[in-house]
There are 2 protein chains.
Amino acid sequence: MVGIRRLADHLNLSIGTVSRALNGRPDVNADTRARVLKAADELNYVANQSGRSLRSGTTGAIGFMVQTGPQFNLQGESFFTSVFDGVQSVLNRHHLDLIVLLCAADEDPDQYLRRMVLRGFVDGMIISHTLRVDPRIAFLASRQLPFVTLGRSETDAGQSWIDIDFEGLGRLAVERFVAQGHREIAVALPLDDINLGHLLHRAVAAAMAAHGVQLIPKHVLRSQPGDLGGFEVAGRLAALTPRPTAIVLSDESLAIGLYRGLKAQGIVPGRDIAVIGRDSLAVRFLSPTLTRYGQSLRDLGIELGEALLRSMPAYQAFYPEGPVHKVWPLEFTLGESDGFTP
Amino acid sequence: MVGIRRLADHLNLSIGTVSRALNGRPDVNADTRARVLKAADELNYVANQSGRSLRSGTTGAIGFMVQTGPQFNLQGESFFTSVFDGVQSVLNRHHLDLIVLLCAADEDPDQYLRRMVLRGFVDGMIISHTLRVDPRIAFLASRQLPFVTLGRSETDAGQSWIDIDFEGLGRLAVERFVAQGHREIAVALPLDDINLGHLLHRAVAAAMAAHGVQLIPKHVLRSQPGDLGGFEVAGRLAALTPRPTAIVLSDESLAIGLYRGLKAQGIVPGRDIAVIGRDSLAVRFLSPTLTRYGQSLRDLGIELGEALLRSMPAYQAFYPEGPVHKVWPLEFTLGESDGFTP
DNA sequence: GATACTACCGGAAACGTTTACGAGGATGGC
DNA sequence: GCCATCCTCGTAAACGTTTCCGGTAGTATC
């Protein structure tokens, strides 16, 4: 292991000068800097991260916490890789690296976040899957660690957030349904207190009410995300009498299981029921094609990365100050699944 | 920020004693230890990771490097979350945390690994997507960092590896095909030099030769992974004259795009062509159902985690010594897609 | 030619922790 | 009563880096 001391000895310089040269400080001669960089490359010296962090208090890494496990199986995935890609492209411009912290399904997310933050690996955090009331936000704020959330929350610590337009999804889907004559409209929501479920629920109810239709409590179908949840929803949907004639889905991959479940019941989307869902790679291959709302996840990731940098003092020279609150616009894709009219 | 010094002052102890108490060293009184733990909890003291790593040379984190980006989009995902889950369950038993390092598609994997390792975040590494000749293995070995690979490689540094049985996949698929009378058999492989492609290719050719059938070079279809690759393969498959009557797929999600592409050509799996693929969550909902080989990915992850711990000196008291080389057994699932006989 | 200033560099402290070493008291055996 | 042993704890030296501070030249100013 070659440290800065050996590098300095090799160059007949002091470690202070070597450090300054490597870190681009102004008070070092251009020639010596070149010499130092050359020698560092030859001896392939790399600064020890622990030493550096200990002294400077920064690590150069940003954490992105996601939840995983059986119930989040297919769901978050093509989703997250696109978002990661966008975030990374921003961070890399500033020599920051993204590390993904995945909380296992059997672990408490609050505890997990706490542990990872206190470990001191990261200079900033991005958290997703925000709950309507989310203790993680208060914790991060209390630690004064820069962070942003993917998803709004009613717990507000003044942080930036970027979110998907679940309210728009609910409103637009309902308006399509109502215009086609539907009155028995259902909505599939997550089980837990994740905020997007609340937003979608409220938006659907409001849009229906605005058209003089009522959202029946029995038509609010809560389930696990992913294909299994969708399958289960299909069963419960088929058992309802009268059966709803239309349904809007909260989760990207609910549609897959829903189609499978409906098929088992002899119900064909677009012929026997109208379905509007969210876009993802997997649902693009459903037949009949799904009518859906999506968004550019890579761009969303870029926005997320920039919002984080805004909140980090070291980078506020590059980005305008102040928190970002942005609801990402929806992109509509017409499919065959909402062709059915009652 | 409360450090060990403030904690020691508060307890009227020396920082040495406090450190020993917290780290479970034997030479500290049981009462004082209890006192220390209590105070640490109350003042919610958490050891600074940089200081600890600097002194002890360990971080308590294990890295799992995966590649992402457009061409790895849907593919690796339900796959990896299951593997991660297994790895994590092992590591957590020893208070190690898993952090996921994802290499963007536009970055050189060797450079990325190098950077992350030299950053000094991790005590050990798991790498996947092993190439037939993989410089990362030599690099990790030269750094003497404990590591294991998910996937064999011809670059051998004596490390442990766990792999999926691609040779079995090729052999068993071919045997099924041949028994059904197929002679024009194709195989879909990855584009790059990833070792699994080589293994599958060789196994298919050998199994066919053993039955007096020849693998025609034009029937080796190389493509990107994922649904897009599968779609492309379908087009090239349909263009071949005479068209192969059977195909075996290397990638978990090729089947999705393949089905879509075949459908566009009016070719139905199980009726016009026999298809055998690999299992994943997404392919389970194809229609006609896919005949496929899979494996318990969570168990594979557990094995992977244990293999890594074996190679770390600090944990060799818990696990038997020596490298692990394990080819994971296949689980067969009969579907409708290989029902076609020429 | 004295002063002021600049450019560059060395010295040394500090970051927070672990751990080798030794000191002190208590205990035990003879 | 003495020596050996054990238990418990304090002291201090590391780990590798960054950064403040001061010092030495050299140059410019008058």
Side-chain angles (χ1 to χ4, degrees), chain A residues 1-37 39-40 43-61 95 117-123 143-144 313-314, chain B residues 1-37 39-40 43-61 95 117-123 143-144 313-314:
Chain A
M1 277 310 309
V2 36
I4 200 172
R5 176 145 275 129
R6 254 190 58 190
L7 185 58
D9 288 351
H10 179 258
L11 286 162
N12 275 335
L13 287 170
S14 74
I15 59 170
T17 305
V18 172
S19 175
R20 283 193 300 269
L22 292 172
N23 292 4
R25 288 306 170 94
D27 53 348
V28 52
N29 187 285
D31 291 345
T32 31
R33 166 162 304 151
R35 242 172 22 104
V36 170
L37 290 175
L43 303 187
N44 53 35
Y45 162 81
V46 180
N48 177 296
Q49 184 64 34
S50 304
R52 164 175 285 179
S53 316
L54 180 57
R55 172 65 219 214
S56 68
T58 72
T59 66
H95 300 285
V117 167
L118 293 179
R119 258 186 182 287
F121 279 137
V122 296
D123 292 342
R143 295 281 311 174
Q144 304 207 23
Chain B
M1 276 310 309
V2 38
I4 200 173
R5 177 146 275 129
R6 255 191 57 188
L7 185 57
D9 289 349
H10 179 257
L11 285 162
N12 276 336
L13 286 171
S14 74
I15 59 170
T17 305
V18 172
S19 175
R20 282 192 301 269
L22 292 171
N23 292 5
R25 288 306 170 94
D27 54 347
V28 53
N29 186 285
D31 290 345
T32 32
R33 166 161 309 159
R35 242 173 20 105
V36 170
L37 291 175
L43 304 186
N44 55 32
Y45 163 81
V46 180
N48 177 296
Q49 184 63 34
S50 304
R52 162 176 286 179
S53 311
L54 181 57
R55 170 65 216 217
S56 68
T58 71
T59 66
H95 299 284
V117 167
L118 294 178
R119 258 185 182 288
F121 280 137
V122 295
D123 292 341
R143 293 282 310 176
Q144 304 209 27

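Computed from a prediction, not measured in an experiment: that's the story for all the values here. Here is how names work: the chains are called A, B, and so on, in the same order as the sequence lines, proteins then strands, and each is numbered from 1.
Under the salt bridge (charged side-chain N to carboxylate O under 4.0 Å, His left out) criterion, B:R33 pairs with no residue at all, not counting sequence neighbours. With sequence neighbours left out, the side chain to side chain donor-acceptor pair (under 3.5 Å) criterion links A:R20 to A:T17. Scanning for salt bridge (charged side-chain N to carboxylate O under 4.0 Å, His left out) contacts around A:R55 gives an empty result, with sequence neighbours left out.
A distance of 7.5 Å separates CG in A:L11 from CG in A:L43, rounded to the nearest 0.5 Å. For the atom pair B:L7 CG and B:S19 OG, the distance stands at 10.5 Å (nearest 0.5 Å). From B:S53, atom OG reaches atom CG of B:D123 across 8.0 Å, with rounding to the nearest 0.5 Å.
Regarding A:L7, its CG atom lies at a distance of 14 Å from the P atom of D:dG16, rounded to whole Å. Note: CZ (A:R52) to C1' (D:dC15) measures 16 Å, nearest angstrom. Across the protein-nucleic acid pair, A:R6 atom CZ and D:dC15 atom P stand 14 Å apart, rounded to whole Å. Taking atom CZ of A:R119 as the reference point, atom C1' of C:dG16 lies 16 Å away to the nearest angstrom. The OH-P distance, from A:Y45 to D:dT18, rounds to 6 Å in whole Å. Rounding to whole angstrom units, CG of residue A:L11 and P of C:dC8 are separated by 17 Å. With rounding to whole Å, B:N29 atom CG is found 15 Å from C:dG24 atom C1'. Across the protein-nucleic acid pair, A:N48 atom CG and C:dT17 atom P stand 17 Å apart, rounded to whole Å.
As judged by a 4.0 angstrom heavy-atom cut-off over every strand, A:T32 is placed among residues touching the sugar-phosphate backbone only. Nucleic acid contact for A:N12: sugar-phosphate only, since backbone atoms but no base atoms lie under 4.0 Å from a heavy atom of the residue.
A rotation axis mapping the C1' atoms of four pairs onto the next four is fitted at both ends of the helix from C:dG1-D:dC30 to C:dC30-D:dG1 over five pairs, and the angle between these axes is 40° to 10 degrees.
Across C:dG16, C:dG10, D:dT11, the shortest atom-to-atom separation from the side chain of B:S14 is found for D:dT11.
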**OP:** For the pair A:T59 and B:Q49, evaluate side-chain contact (heavy atoms from CB on, under 4.5 Å) and give the outcome as yes or no after the intermediate values.
**Re:** CA-CA 11 Å; A:T59 66; B:Q49 184 63 34; over 6 Å; no

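In this structure a side-chain-to-backbone donor-acceptor pair under 3.5 Å is missing from A:R119 to B:A61.
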Between the protein and nucleotides 19-21 of chain D, are there any N/O to N/O pairs under 3.5 Å, and if so, what are the atom names and distances?
residue, atom, partner, partner atom, Å
D:dT19, OP2, A:R25, NH2, 2.5
D:dT19, O4', A:R55, NH2, 3.4
D:dC20, N4, A:R20, NH1, 3.4

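For the side-chain hydrogen bond (donor to acceptor under 3.5 Å, both in side chains) condition, no pair includes a residue of residues 22-31 of chain B, sequence neighbours left out.
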